[in-house]
Amino acid sequence: MNERKYLWTMPLPKGPLGWTLTGVLLALTLAALQWSAAGAQLNATELANGLPQIADFLRRTFPPDWRILQALWAPAVETVQIAIWGTLLGVLGAVPVSFLAARNLASRRWLYRLTRQTLNVIRSINELILALVFVAAVGLGPFPGVLALAVHGVGMLGKFFAESIEEIDQGPLEALRSTGARPLQVIVFGVLPQVITAWIAVVLYRFEVNLRSATVLGMVGAGGLGFELVSSLKLFKYQETATCIVVITVMVIAADLVSSGLRQMIRDNGRH
């Protein structure tokens with residue numbers, strides 16, 4: 001009978017000192033978890049006491065009011081439109097920034113660091129906060145939702161695009177530079193052919209995320225199904241709320257299926 005050999009991703013502690021340090025690290029980890037649980041006020045008793053209220057809310061939402069489905073058609077289309085344009089503008093902003101944020105293409109280190117930190121700042125601001133800012137700037141409607149998704153998308157996609165560039169094979173780039181190719185030619189003929197497949201997959205996933213986010217942005221006046229959802233909650237029309245949730249769920253599932261299928265096709269074609 002062949003003995004199974006198990007490989008650890010990290011070396012096991014060696015000697016009493018190693019095991020002692022491991023025990024200390026484990027104790028510190030447990031203490032940190034306890035500290036964070038206290039700060040987050042985790043309380044299973046309160047959750048158990050709140051279950052009847054949750055059950056009562058669910059009872060009030062059943063059955064969904066299907067009579068408003070026709071009225072939700074326009075907000076649903078608006079949500080998709082917000083996600084499409086938020087994704088497109090985010091891609092247009094992220095592509096040029098990603099070349100500045102890629103370490104292997106950076107000719108000026110200060111510009112690379114500045115671009116990276118700028119992307120970090122953009123990603124740290126939630127879409128809801130951005131939507132509130134743009135609602136105050138341009139008013140209610142889907143346009144501030146588009147702007148919020150686009151700005152946040154620049155930070156997220158710029159990071160993913162830059163990391164894809166950093167993982168490419170440097171051979172073709174060096175060959176192009178040795179022939180006297182200009183930086184733009186190196187990017188077009190050396191970088192883009194190697195990253196375009198990964199970029200498309202990331203963009204499809206980002207659209208899926210933006211569709212979910214677009215439904216939430218409506219809660220702050222940025223249009224779409226989120227606005228209808230909040231309106232029904234404020235008016236205590238819980239059956240209409242349930243209908244909105246069902247429509248949002250169907251939209252997200254459909255987007256996930258389409259996006260996953262397209263990403264699989266891209267990966268399969270990339271292997272050939």
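Starting from 1, each residue takes its place in the sequence as its number.
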Can you check whether [X] reaches [Y] side chain to side chain, under 4.5 Å on heavy atoms?
| X | Y | answer |
| --- | --- | --- |
| Arg206 | Leu157 | yes |
| Ile168 | Val191 | yes |
| Trp19 | Val24 | no |
| Ile165 | Trp199 | yes |
| Gln81 | Pro142 | no |
| Ile54 | Leu51 | yes |
| Arg109 | Arg103 | yes |
| His152 | Ile125 | no |

So how far is it from [X] [atom1] to [Y] [atom2], rounded to the nearest 0.5 Å?
| X | Y | atom1 | atom2 | value |
| --- | --- | --- | --- | --- |
| Leu233 | Leu229 | CG | CG | 5.0 Å |
| Thr241 | Glu228 | OG1 | CD | 10.5 Å |
| Leu21 | Leu28 | CG | CG | 10.5 Å |
| Leu149 | Ser213 | CG | OG | 6.0 Å |
| Thr79 | Ile248 | OG1 | CD1 | 7.0 Å |
| Lys159 | Thr115 | NZ | OG1 | 15.0 Å |

Look at the side-chain heavy atoms of Ile, Leu, Val, Met, Phe, Trp and Tyr, link any pair under 4.5 Å apart, and say whether [X] and [Y] land in one connected group.
| X | Y | result |
| --- | --- | --- |
| Ile122 | Val133 | no |
| Val247 | Ile84 | yes |
| Leu257 | Leu204 | no |
| Val77 | Val146 | no |
| Ile82 | Leu92 | yes |

Among pairs that include at least one residue of [range], which meet side-chain hydrogen bond (donor to acceptor under 3.5 Å, both in side chains), considering only residues two or more places apart or in two chains?
| range | result |
| --- | --- |
| residues 38-58 | Asp56-Arg59, Asp56-Arg60 |
| residues 28-37 | none |
| residues 83-95 | Thr87-Asn210 |

Compare every heavy atom of [Y] with every heavy atom of [X], then report the nearest pair and how far apart it is.
| X | Y | value |
| --- | --- | --- |
| Leu119 | Val154 | CD2-O, 3.6 Å |
| Ser164 | Val195 | O-CG1, 3.8 Å |
| Gly139 | Pro144 | O-CG, 3.3 Å |
| Phe207 | Ala83 | CE1-CB, 3.7 Å |
| Ile68 | Glu240 | CD1-CB, 3.6 Å |
| Ala148 | Ala131 | CB-N, 3.6 Å |

message: Just to verify, what does Phe134 make a ring pair (Phe, Tyr, Trp, His ring centres under 6.0 Å) with, not counting sequence neighbours?
response: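 Counting only residues at least two positions away or on another chain, Phe134 forms no ring pair (Phe, Tyr, Trp, His ring centres under 6.0 Å).
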field: Selection residues 48-81 - residue pairs positive for ring-ring contact (aromatic ring centres under 6.0 Å, His included), sequence neighbours left out
entry: Phe57-Tyr238
task: Tell me, yes or no, whether the heavy-atom count around Phe99 atom CZ, taken from other residues, nucleotides or ligands under 6.0 Å, exceeds 12.
output: yes
query: Does Met156 offer a backbone N or O that forms a donor-acceptor pair with the side chain of Arg123 under 3.5 Å?
result: no
message: Among residues at least two apart in sequence or on other chains, which ones pass salt bridge (Lys or Arg N to Asp or Glu O under 4.0 Å) with Arg212?
response: Glu208
